[in-house]
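First the structure, which I've put down as structure tokens, then a few questions once you've had a look.
Along the sequence shown, residues are numbered consecutively beginning with 1.
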Amino acid sequence: QRSSRIVEALHAGGIYEWRNTAISRLDSGLRASLWLAKAAAMHPGIILIDGLLSLMDTPLRNSWLSYLEERRWADGLMVVAATVDDKLAELADMVVLYDEGVIVDFGPPPTLLAKIAMDYLMIEAANPEAVQKTLRGQFNIIMHETDHGLTFEVADGLSVAAHLFR
């Protein structure tokens, strides 16, 4: 029974073919998969994952996500994962958002995403004319005059910020 659970976990983690390889010869993703396989082979009721999935390449991570989802439905497995990967968090039933160790919000991903959908980026500039000439017409920017110059609001602030600060 125990050996069949180990083989099942090694297959689930995509590492069965490396079962006779020294751990020191495995890359960080395969090591992470091995650690997760060791936990999964015990068939626990809960698995705590802190960053292991982020060490894996996409196919390996997807293999584990499929396996954990199967176990969740078949055995009632609860998976608690700490991550900074928003795509991984969106797969969860429930997400807890922290800021410097303090819970700032929690709920199902669609509920949390709806709350932040209207986030925007504001830029205040010392030389409003130069900035206005540079950014006018780009990114669907809404400009407002303030006491300090112009404020630019953008509906999709994260992607614009990423583009502006490259």
Side-chain angles (χ1 to χ4, degrees), residues 1-123 139-141 153-166:
Q1 170 103 5
R2 183 171 182 252
S3 63
S4 67
R5 290 189 309 203
I6 292 169
V7 169
E8 173 190 334
L10 291 173
H11 278 293
I15 57 173
Y16 183 79
E17 65 189 84
W18 288 283
R19 69 189 176 283
N20 295 319
T21 304
I23 294 172
S24 62
R25 297 182 52 90
L26 300 176
D27 66 27
S28 61
L30 292 173
R31 286 182 193 172
S33 189
L34 177 63
W35 296 325
L36 197 49
K38 286 170 67 173
M42 296 168 49
H43 278 238
I46 184 170
I47 291 183
L48 306 174
I49 304 171
D50 186 6
L52 287 178
L53 295 171
S54 65
L55 296 172
M56 299 175 193
D57 63 22
T58 302
L60 194 54
R61 181 176 42 249
N62 289 343
S63 176
W64 271 112
L65 291 172
S66 294
Y67 175 75
L68 293 171
E69 183 70 8
E70 288 171 18
R71 289 278 320 280
R72 193 170 81 92
W73 287 106
D75 307 329
L77 174 68
M78 179 186 293
V79 178
V80 178
T83 185
V84 294
D85 181 342
D86 57 340
K87 298 298 182 205
L88 182 58
E90 288 178 31
L91 298 174
D93 292 327
M94 185 70 69
V95 172
V96 180
L97 299 176
Y98 288 91
D99 183 20
E100 296 184 17
V102 176
I103 295 175
V104 293
D105 209 345
F106 66 94
T111 302
L112 296 177
L113 287 170
K115 288 181 181 180
I116 64 168
M118 294 308 294
D119 280 356
Y120 58 91
L121 169 69
M122 291 178 46
I123 301 171
F139 311 114
N140 195 24
I141 293 174
E153 295 183 31
V154 180
D156 188 8
L158 290 178
S159 66
V160 171
H163 181 76
L164 290 174
F165 298 112
R166 276 187 212 162

Closest non-hydrogen contact found for Pro109 with Met94 is CD-N, 4.4 Å

For Trp64 versus Ser33, what's the shortest heavy-atom pair and its separation?
NE1-OG, 2.6 Å

Is there side-chain contact between Ile15 and Leu26, with at least one heavy-atom pair below 4.5 Å?
no

Do Ile47 and Val80 have side chains that approach each other closer than 4.5 Å (heavy atoms only, starting at C-beta)?
no

Ser63 (side chain) donor-acceptor with Ala12 (main chain) under 3.5 angstrom
yes

Is any side-chain heavy atom of Arg72 closer than 4.5 Å to one of Asp93?
yes

For a side-chain contact (heavy atoms from CB on, under 4.5 Å) check, start with the C-alpha distance between Ile103 and Leu97, then their side-chain angles and the critical distance, and finish with the verdict.
CA-CA 6 Å; Ile103 295 175; Leu97 299 176; over 6 Å; no

Looking only at heavy atoms, which two atoms of Leu10 and Arg19 are closest? And how far apart?
CD1-CB, 4.1 Å

With side-chain contact (heavy atoms from CB on, under 4.5 Å) as the criterion, how do Val95 and Asp105 come out once you've worked through the C-alpha distance, each side chain's angles and the decisive distance to 0.1 Å?
CA-CA 8 Å; Val95 172; Asp105 209 345; over 6 Å; no

Which residues pass the side-chain contact (heavy atoms from CB on, under 4.5 Å) test with Ala74, not counting sequence neighbours?
none

Does CD1 belonging to Ile23 count more than 12 external heavy atoms closer than 6.0 Å?
no

Flag side-chain contact, heavy atom, 4.5 Å: Leu30 against Leu60
yes

Ser66 side chain to Asn62 main-chain N or O, any donor-acceptor pair under 3.5 Å?
yes

Heavy atoms of Glu8 and Arg71 approach each other most closely as OE2-CD, 4.3 Å

Does any pair with a residue in residues 12-54 pass ring pair (Phe, Tyr, Trp, His ring centres under 6.0 Å), and if so which ones, sequence neighbours excluded?
His11-Tyr16

For Leu77 against Pro44, the heavy-atom pair lying closest together:
CD1-O, 3.3 Å

Between the CG atom in Leu68 and the CG atom in Leu36, the distance rounded to the nearest 0.5 Å is 5.5 Å

Side-chain heavy-atom pair Leu65, Leu88 within 4.5 angstrom cut-off
yes

Donor-acceptor pair, distance only, cut-off 3.5 Å: does the side chain of Arg31 make one with the backbone of Ser24?
yes

Mark yes or no for whether Thr83, through its side chain, and Ala89, through its backbone, hold a donor-acceptor pair below 3.5 Å.
no

